[in-house]
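Working notes, beginning with the structure itself.
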Amino acid sequence: MKKIFNSLFFIIITYLLYNLFRYNAKINKTIVYVIAVIYIIAIAFLYKKIDKLKVNKYMFMVMFIIMLLLQIMAGYVFKVFPSWDFGVIYREALKSNELINDVKYFSIYPNNIPTLMILKLIFSVVNLLKGKFFIESAIGLNIIAIDVSIIFSVLIINKVYGKNKAFFSLIFILFTPLIYLSVPIFYTDTLSMPFPIIAIYLYILFRNSEGKRKKIIFSFSIAFITLLGMNIKPTVVIVYIAIIIYDIFINKYEKKREIIYPILSIVLIFALINIEKFIFKVVFSDYIEQIENNSFTITQHLVMGLHNDGKFNQKDYEYTLSFIGRAEKTRGDIEKIKEYFGKILPLENAIKFFTHKEVLLWIDGNYELNIFLAHGYYRTGTIQNLIYKNNTIYLYISQVQRIALIILMIIACFNKNKAKNEEIINYISRIAILGIIIFFAFWEINSRYLINYFPVFILIQIVGINEVNKLAENLKEKCIKTKNNILN
């Protein structure tokens with residue numbers, strides 16, 4: 001099973017890398033790829049040097065403080081007036097007279113209600129304090145979500161490779177623009193960031209635990225944390241599916257009866273989903289009829305995902321809205337899906353279509369943050385213009401990091417370390433990435449939809465960098481042996 005998966009992953013990611021190079025981008029792709037290779041060599045060198053340091057907790061604290069200060073500065077410098085969907089949620093959260101005021105919007109997008117409730121809670125505290133710092137408090141919440149995901153990424157790397165490699169990962173993250181530029185946009189993409197990585201951390205604890213009681217607790221915790229994340233961003237479920245696939249098909253249990261635990265986790269998550277549905281109907285009983293009539297179904301995102309370039313399409317949006325009730329919407333959407341899918345075929349055209357979609361999804365290393373930050377910004381200046389307008393350098397940095405990520409994904413395929421924890425992060429990360437690729441082949445796409453998997457991307461990059469150093473060591477040994485043989 002491992003060989004099949006490694007081969008499949010290698011072929012798909014290599015194919016993606018090749019097509020990213022072929023894509024007609026505004027920046028020089030050759031320069032990006034060359035710098036990406038140099039970047040990988042440089043960070044692999046740094047990775048090795050840091051391994052020789054005496055790392056202590058104070059070094060971690062200093063790095064976290066520096067990162068936090070830079071995030072606070074980014075929140076101030078790039079502060080925006082909330083617009084599009086996160087603006088609707090923000091303005092609704094400011095209203096305290098009703099549970100939901102903008103019934104029309106939230107009946108169409110009930111998936112944004114949990115985020116609304118979180119902001120309402122935060123803003124109620126601000127009101128109690130007689131404050132007016134609502135945007136600042138939302139930015140603070142966003143920083144917490146981002147940093148919690150980073151902390152769990154570092155904890156996992158510490159558990160797998162030790163504190164030196166964990167310290168390197170923190171430095172590596174520190175130089176990633178995403179963790180700063182996403183701070184002002186307090187939306188589901190960043191607020192859901194902690195959940196995939198926490199699920200992986202809990203699975204590592206599960207695999208390293210002894211006794212039925214602990215394993216049951218961790219099985220429940222994984223299911224529960226996944227459900228919480230799905231309430232904010234449904235794509236969190238991809239990492240849960242990756243964990244289950246790894247646990248059943250790749251992991252080798254010493255005792256076959258232990259296969260009951262992933263099955264138990266699946267039963268638990270379905271039970272929790274049904275309990276949550278019941279609670280939701282009770283709490284939002286006054287709005288259930290409108291939600292049933294207006295809310296978009298899964299099929300609506302598939303309609304957009306199979307049309308043109310797979311991005312949001314206003315005509316498709318209005319088409320789905322023209323039907324009343326979920327059943328009618330679904331029926332209408334299925335007709336459109338059949339129509340669009342028929343246009344994609346035959347197979348050769350389908351391959352071109354899905355390839356183009358994946359390229360659009362993965363090509364933008366800056367997650368379109370420069371576009372979203374340019375909507376209703378509070379301040380202008382030299383720093384802002386480096387992101388909004390004269391952003392060539394920023395785009396090159398983003399693209400280099402994205403191409404380096406994909407190259408390191410490929411290199412991670414060569415990792416043959418059978419150490420339990422390293423195998424877990426290597427396979428679960430790559431299964432999740434493959435799941436993302438398959439999911440967005442059909443779903444509506446946007447570069448920012450990848451943001452909540454940033455911590456998972458960190459894990460696979462560390463595996464890849466570790467493998468680069470192993471390959472370098474092997475090459476060095478072979479060169480020394482060859483040299484000795486020639487001299488002898």
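In this chain, residues are counted from 1 in sequence order. Everything numeric here is computed off the predicted structure, so don't read it as measured data.
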key: Chi angles and distances behind the side-chain hydrogen bond (donor to acceptor under 3.5 Å, both in side chains) call for Asn164, Tyr47   = CA-CA 9 Å; Asn164 285 57; Tyr47 184 80; over 6 Å; no

ask   = Which is it for Leu405 and Ile460 under the side-chain contact (heavy atoms from CB on, under 4.5 Å) test, yes or no, and what are the steps along the way?
value = CA-CA 8 Å; Leu405 162 64; Ile460 199 62; 4.1 Å; yes

request  = Carefully, step by step, assess Leu408 and Ile411 under the rule side-chain contact (heavy atoms from CB on, under 4.5 Å).
outcome  = CA-CA 5 Å; Leu408 289 169; Ile411 293 171; 4.2 Å; yes

task = Tell me, with the steps shown, if Phe224 and Leu228 meet side-chain contact (heavy atoms from CB on, under 4.5 Å).
result = CA-CA 6 Å; Phe224 182 70; Leu228 286 181; 3.5 Å; yes

message = Lys2 vs Glu423, test: side-chain contact (heavy atoms from CB on, under 4.5 Å). Steps then yes/no.
response = CA-CA 11 Å; Lys2 288 180 182 178; Glu423 184 185 273; 2.5 Å; yes

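Residues Leu369 and Tyr180 are not in side-chain contact: their nearest non-hydrogen atoms beyond the backbone lie 4.5 Å or more apart. Contact check for Tyr161 versus Glu422: side-chain heavy atoms found under the 4.5 Å cut-off. Counting only heavy atoms from C-beta outward, the side chains of Ile146 and Ser182 approach each other to under 4.5 Å. Between Thr190 and Ile185, the closest side-chain pair of non-hydrogen atoms is not below 4.5 Å. Within the 4.5 Å cutoff, no side-chain heavy atoms of Asn469 are placed close to those of Asp51. Contact annotation: the side chain of Asp364 approaches that of Gln399 to within less than 4.5 Å [non-hydrogen atoms, C-beta and beyond]. Residues Ile13 and Arg430 fail the side-chain proximity criterion, which asks for heavy atoms closer than 4.5 Å. Taking the side chain as every heavy atom from C-beta outward, Phe440 and Lys357 never approach each other to under 4.5 Å.
Rounded to the nearest 0.5 angstrom, Asn349 CG and Ile344 CD1 are separated by 9.5 Å. Rounding to the nearest 0.5 Å places NZ of Lys159 at 5.5 Å from CG of Leu205. The distance from atom CG of Asp147 to atom CG of Asn142, rounded to the nearest 0.5 Å, is 9.5 Å. Taken to the nearest 0.5 Å, the OG atom of Ser149 stands 3.5 Å off from the CE atom of Met193. For the atom pair NZ of Lys120 and CG of Asn127, the computed distance is 10.0 Å after rounding to the nearest 0.5 Å. Summarising the geometry, atom CG belonging to Leu170 is positioned 10.5 Å from atom CE belonging to Met59; distances are rounded to the nearest 0.5 Å.
Under the 3.5 Å distance criterion, the side-chain polar atoms of Arg91 are matched with a main-chain donor or acceptor of Pro82. Using modelled atom types, no side-chain atom of Lys233 and backbone atom of Asp189 make a donor-acceptor pair closer than 3.5 Å. The closest donor-acceptor contact from the side chain of Asn19 to the backbone of Tyr15 lies under 3.5 Å. Looking only at distances, a side-chain donor or acceptor of Asp333 sits under 3.5 Å from a matching main-chain atom of Gln300. Panel note: side chain Ser429, backbone Asn426; no donor-acceptor pair is recorded below 3.5 Å. Side-chain atoms of Gln401 come within 3.5 Å of backbone N or O of Phe175 as a donor-acceptor pair.
We find that Lys311 and Glu368 are joined by a salt bridge, their nearest charged nitrogen and carboxylate oxygen being less than 4.0 Å apart. The pair Glu136-Lys79 counts as a salt bridge, with a side-chain nitrogen and a carboxylate oxygen less than 4.0 angstrom apart. Looking at Lys336 and Glu339, a side-chain N of the basic residue comes within less than 4.0 Å of a carboxylate O on the acidic one, giving a salt bridge.
Counting heavy atoms of neighbouring residues, nucleotides and ligands inside a 6.0 Å radius, atom CG of Leu69 exceeds 12 of them. Under a cut-off of 6.0 angstrom, the local environment of CG in Leu345 is crowded, with over 12 non-hydrogen atoms contributed by other residues, nucleotides or ligands. Taking a 6.0 Å sphere around CD of Glu318, one finds it holds more than 12 heavy atoms contributed by other residues, nucleotides or ligands. Other residues, nucleotides and ligands contribute only 12 or fewer heavy atoms inside 6.0 Å of the NZ atom of Lys49. Residue Lys416 places its NZ atom among 12 or fewer non-hydrogen atoms of other residues, nucleotides or ligands, all under 6.0 Å distant. Taking a 6.0 Å sphere around OH of Tyr378, one finds it holds more than 12 heavy atoms contributed by other residues, nucleotides or ligands. When the shell of 6.0 Å around CD1 of Ile66 is examined, it contains more than 12 heavy atoms from other residues, nucleotides or ligands.
The ring-ring contact (aromatic ring centres under 6.0 Å, His included) test with Tyr201 singles out one residue from Phe152, Phe195, Phe206, and that residue is Phe152. The only member of Tyr453, Trp443, Tyr449 that meets side chain to side chain contact (heavy atoms under 4.5 Å, CB included) when paired with Ile436 is Tyr453. Applying ring-ring contact (aromatic ring centres under 6.0 Å, His included) to Phe442 and the options Phe354, Phe353, Phe341 leaves one that passes, Phe354.
Neither side chain, Tyr319 nor Asn313, offers a donor N or O lying under 3.5 Å from an acceptor on the other. Counting only N and O atoms by type, the side chains of Asn28 and Tyr33 include no donor and acceptor under 3.5 Å apart. Asn231 and Glu276 share a donor-acceptor pair across their side chains, judged by distance under 3.5 Å alone.
Between Phe457 and Trp362, the ring centre distance stays below 6.0 Å.
Classified by interplanar angle (parallel below 30°, tilted 30° to 60°, perpendicular above 60°), the ring pair Phe5/Phe9 is tilted. Ring geometry, Phe186 versus Phe86: the interplanar angle exceeds 60°, so the pair is classed perpendicular (tilted spans 30 to 60°).
A cation-pi geometry, defined here as NZ or CZ lying under 6.0 Å from the six-membered ring centre and within 45° of its normal, holds between Arg448 and Phe372. Relative to the six-membered ring of Tyr367, Arg402 meets both conditions, a distance below 6.0 Å and an angle of at most 45° to the axis.
Of all heavy-atom pairs between Ser153 and Pro455, the closest is OG-CB, 3.3 Å. Closest non-hydrogen pair, Ile431 versus Ile250, comes out as CD1-CD1, 3.8 Å. Among all heavy-atom pairs drawn from Leu119 and Ala138, the shortest one is CD2-CB, 4.0 Å. Ala242 approaches Ile428 most closely through the heavy-atom pair CB-O, 3.8 Å. When all heavy atoms are compared, the tightest approach of Leu360 to Ser447 is O-OG, 3.7 Å. Scanning all heavy atoms of the two residues, the minimum distance from Thr226 to Ala199 falls at OG1-CB, 4.3 Å.
Residue pairs meeting the ring-ring contact (aromatic ring centres under 6.0 Å, His included) criterion with at least one partner in residues 57-83, sequence neighbours excluded, are Phe60-Phe167.
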